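Predicted model only: the values in this text are computed from it and were never measured. Side chains are part of it too, since the values below use all heavy atoms of this structure and drop only hydrogens, waters and symmetry mates.
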Amino acid sequence: MELQAYLSQSQNPWFNQAIEEITFDNIEKNKLVLFIWQNRQSINIGRDQNPWNICNTRHAHQNHVSIVRRQTPGGAIYQDPGHTNFSLMGSTEQLSLSNIEAILQRLLTSLKINASIAQQKEIVANNRKISNTTSITVGDNTLIHSTIRVNTNLSVVDEYMTSNHARALSDVIDNYSNLSELNATITHAVLQRELVNAFCRNYGCEVDTQYIQINPLPPLPGLGEKLHFISSWDWNYGQSPKFCRQIKGRFSWGKVTLTLQVVQGTIIHIQCHSSQRYCALFNNFANRLIGYPYQAKSVMPVICTMMVDFSANHTELLEFANWLENELS
């Protein structure tokens, strides 16, 4: 059996996601791969999750926090460079959750960390989770993904992981912890080295280690196309399940309430409530918007066209446009 370790030198979350997916899609028989990386500030969501329902997308956008949809299931995780991510990939015969447990246990022993491995194959210390693990099996191959909090800024999680459409996560600090709280000397470099060592010892083989950089792109088949796809709005937002959102605006000339139904990031229905004077105007707006993506840059051209067609309402539409652009950012 051949062991391969890829160590990413980039903190671009889409690049690292692309490397993980391309590697897993092209995994060779009798080969096991360990991939280790860090991400800049980002929110990593499960493949079936809706970012508008679980994230404060506007605040994330304003602070350049990326929303990245992964191919594995599970919940959303806020990440920053204080996280260390790693994936194990290989045939299901050679790779199981018992392997990840054994590797994590070897890791804790080498780091002299007093913690346990929970049933979900997550590191727990003092009843607080230090890591999260998820997995996916496709055909004969399995990918096990784990993220370990080394020195993550947990105090900002509420800012990015709550919205008007999601339950508050005010208990994050009580339920989660960092490795650095147990051993202040642990860094990503230390953790990376010990993960590779635990990987080798678990399988009793030497490992071929390669460092990966984003520039130039590694010569992996299909990497450029994969990176383009998974960094797209269509994947990170458009993949979302159906949802309904109601937004209310108050303007110098009155109030408007929009109730939008969105399927896979596309607006399929809008109900507008406004004063009788503006009913025709906003009903026209609702009809025009059907089929457009649920994002500001798609909606704004529609309103700009209406400013020409309804020139008498230019002031109202301009104020409405500024408000809606902020709501959909």
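Annotation for Pro293 and Ile267: closest pair O-CD1, 4.1 Å, computed over non-hydrogen atoms. Here the shortest heavy-atom pairing between Ile45 and Cys55 reads CG2-SG, 4.2 Å. The heavy-atom pair separating Leu3 from Cys200 by the smallest distance is CD1-CA, 4.2 Å. Residues Ala125 and Asn114 share a closest heavy-atom pair of CB-O, 4.1 Å. Taking every heavy atom of both residues into account, Ile43 and Ala76 meet most closely at CG2-CB, 4.3 Å. Residues Phe282 and Ser274 come closest through the heavy atom pair CD1-OG, 3.8 Å.
Defined by atom type and a distance below 3.5 Å, a donor-acceptor pair is missing between the side-chain atoms of Asn12 and Ser10. A donor-acceptor contact closer than 3.5 angstrom links the side chains of Tyr278 and Glu316. Residues Thr133 and Glu122 bring no donor and acceptor atom of their side chains to less than 3.5 Å of each other. Between the side chains of Thr185 and Asn183, at least one donor N or O sits under 3.5 Å from an acceptor N or O. For the residue pair Asn85/Gln79, the side-chain donor-acceptor check at 3.5 Å is satisfied. For the residue pair Thr134 and Thr72, no side-chain donor N or O sits within less than 3.5 Å of a side-chain acceptor on the partner.
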Q: Evaluate side chain to side chain contact (heavy atoms under 4.5 Å, CB included) for Ile148 paired with Leu107, printing each intermediate quantity in order.
A: CA-CA 11 Å; Ile148 302 177; Leu107 177 69; 4.0 Å; yes
Q: Given side-chain hydrogen bond (donor to acceptor under 3.5 Å, both in side chains), test Thr92 with Thr142 step by step and report yes or no.
A: CA-CA 5 Å; Thr92 305; Thr142 292; 2.8 Å; yes
Q) Going through the checks in order, is the side-chain hydrogen bond (donor to acceptor under 3.5 Å, both in side chains) test met by Glu20 and His145? A) CA-CA 9 Å; Glu20 182 187 61; His145 173 97; 3.0 Å; yes
Q: Begin from the C-alpha positions of Ser232 and Asp234 and carry the test side-chain hydrogen bond (donor to acceptor under 3.5 Å, both in side chains) through to its verdict.
A: CA-CA 5 Å; Ser232 69; Asp234 287 342; 5.2 Å; no
(Q) Please determine whether side chain to side chain contact (heavy atoms under 4.5 Å, CB included) holds for the pair Val207 and Leu34, giving the CA-CA distance in whole Å, both sets of side-chain angles, and the decisive distance to 0.1 Å. (A) CA-CA 9 Å; Val207 61; Leu34 170 67; over 6 Å; no
Q: Decide ring pair (Phe, Tyr, Trp, His ring centres under 6.0 Å) for Trp37 and Tyr6; before the verdict, give the C-alpha distance in whole Å, the side-chain angles of both, and the deciding distance to 0.1 Å.
A: CA-CA 9 Å; Trp37 72 99; Tyr6 293 126; over 10 Å; no
Q: Given side chain to side chain contact (heavy atoms under 4.5 Å, CB included), test Ile230 with Phe15 step by step and report yes or no.
A: CA-CA 9 Å; Ile230 68 169; Phe15 170 75; over 6 Å; no
Q: Assess whether salt bridge (charged side-chain N to carboxylate O under 4.0 Å, His left out) is satisfied between Arg128 and Glu181, documenting all intermediate values.
A: CA-CA 11 Å; Arg128 297 161 74 191; Glu181 294 183 32; 3.5 Å; yes
Q: Begin with the C-alpha distance, continue with both residues' side-chain angles, and end with the deciding distance and a verdict on side chain to side chain contact (heavy atoms under 4.5 Å, CB included) for Asn56 and Met161.
A: CA-CA 6 Å; Asn56 188 332; Met161 297 295 294; over 6 Å; no
Q) Which is it for Ser98 and Glu101 under the side-chain hydrogen bond (donor to acceptor under 3.5 Å, both in side chains) test, yes or no, and what are the steps along the way? A) CA-CA 5 Å; Ser98 61; Glu101 181 173 4; over 6 Å; no
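Evaluation of the ring-ring contact (aromatic ring centres under 6.0 Å, His included) test over residues 294-316, restricted to residues two or more places apart or in two chains, returns Trp52-Tyr294, Phe243-Tyr294.
The residues Glu327 and Arg58 are annotated as salt-bridged, a charged nitrogen and a carboxylate oxygen being separated by less than 4.0 angstrom. At a threshold of 4.0 Å, the pair Asp140-Lys29 does not count as salt-bridged, since none of the basic side-chain nitrogens sits closer than that to a carboxylate oxygen. Taking the charged nitrogens against the carboxylate oxygens, Arg288 and Asp309 do have a contact shorter than 4.0 Å, which makes a salt bridge.
At a threshold of 4.5 Å between non-hydrogen side-chain atoms, the residues Ile123 and Ile117 count as touching. Looking at heavy atoms from C-beta onward, Gln264 lies out of side-chain contact with Lys242 at the 4.5 angstrom threshold. When side chains are defined from C-beta on, Gln41 does not count as touching His64, because their heavy atoms never get closer than 4.5 Å. Using a 4.5 Å heavy-atom cutoff, the side chains of Leu88 and Leu143 are not in contact. No side-chain heavy atom of Val263 sits under 4.5 Å from any side-chain heavy atom of Gln261. Contact check for Leu220 versus Ile19: side-chain heavy atoms found under the 4.5 Å cut-off. For the pair Arg69/Ser240, a side-chain contact is recorded, criterion being any heavy-atom separation below 4.5 Å from C-beta on. Inter-residue side-chain proximity for Phe24 and Val138 is flagged as met; some heavy-atom pair is nearer than 4.5 Å.
Other residues, nucleotides and ligands place more than 12 heavy atoms under 6.0 Å from the CD atom of Gln120. Enclosure of atom NE2 in His59 by more than 12 non-hydrogen atoms of other residues, nucleotides or ligands within 6.0 angstrom is indicated. Atom CD of Glu93 has 12 or fewer neighbouring heavy atoms from other residues, nucleotides or ligands inside a 6.0 Å radius. Annotation: Gln210, atom CD; neighbour count of heavy atoms from other residues, nucleotides and ligands within 6.0 Å is above 12. More than 12 non-hydrogen atoms from other residues, nucleotides or ligands lie less than 6.0 angstrom from CG of Asn287. No more than 12 heavy atoms of other residues, nucleotides or ligands lie within 6.0 Å of OH in Tyr292, so this atom counts as exposed by the packing criterion.
Note that CG of Leu154 and CZ of Arg149 are 7.0 Å apart. Values are rounded to the nearest 0.5 Å. Here the straight-line distance linking atom CG of Asn16 with atom CG of Asn44 works out to 10.5 Å at 0.5 Å rounding. With rounding to the nearest 0.5 Å, the separation of CG in Leu260 from SG in Cys244 is 7.5 Å. Between Ser66 atom OG and Gln17 atom CD the span is 12.0 Å, to the nearest 0.5 Å. The line from CG of Leu324 to CG of Leu258 is 6.5 Å long, rounded to the nearest 0.5 Å. Atoms CG and CD1, on Leu318 and Ile303 in that order, are 9.5 Å from each other to the nearest 0.5 Å.
Put simply, Met89 and Val196 are part of two different groups of oily side chains (I, L, V, M, F, W, Y) that touch within less than 4.5 Å, one to the next. Residues Tyr237 and Trp235 do not share a hydrophobic cluster, clusters being chains of Ile/Leu/Val/Met/Phe/Trp/Tyr side chains in contact below 4.5 Å. Under a hydrophobic clustering in which Ile, Leu, Val, Met, Phe, Trp and Tyr are joined whenever their side-chain heavy atoms come within less than 4.5 Å, directly or via other members, Leu108 and Val124 fall into different clusters. Ile54 and Val65 fall within a single hydrophobic cluster, where Ile, Leu, Val, Met, Phe, Trp and Tyr side chains are chained together by heavy-atom contacts under 4.5 Å. Residue Leu281 is grouped with residue Val299 when hydrophobic side chains (ILVMFWY) are merged at heavy-atom distances under 4.5 angstrom, including chains of intermediate members.
Ring geometry for Phe199 versus Tyr203: interplanar angle over 60°, hence perpendicular rather than tilted (30 to 60°).
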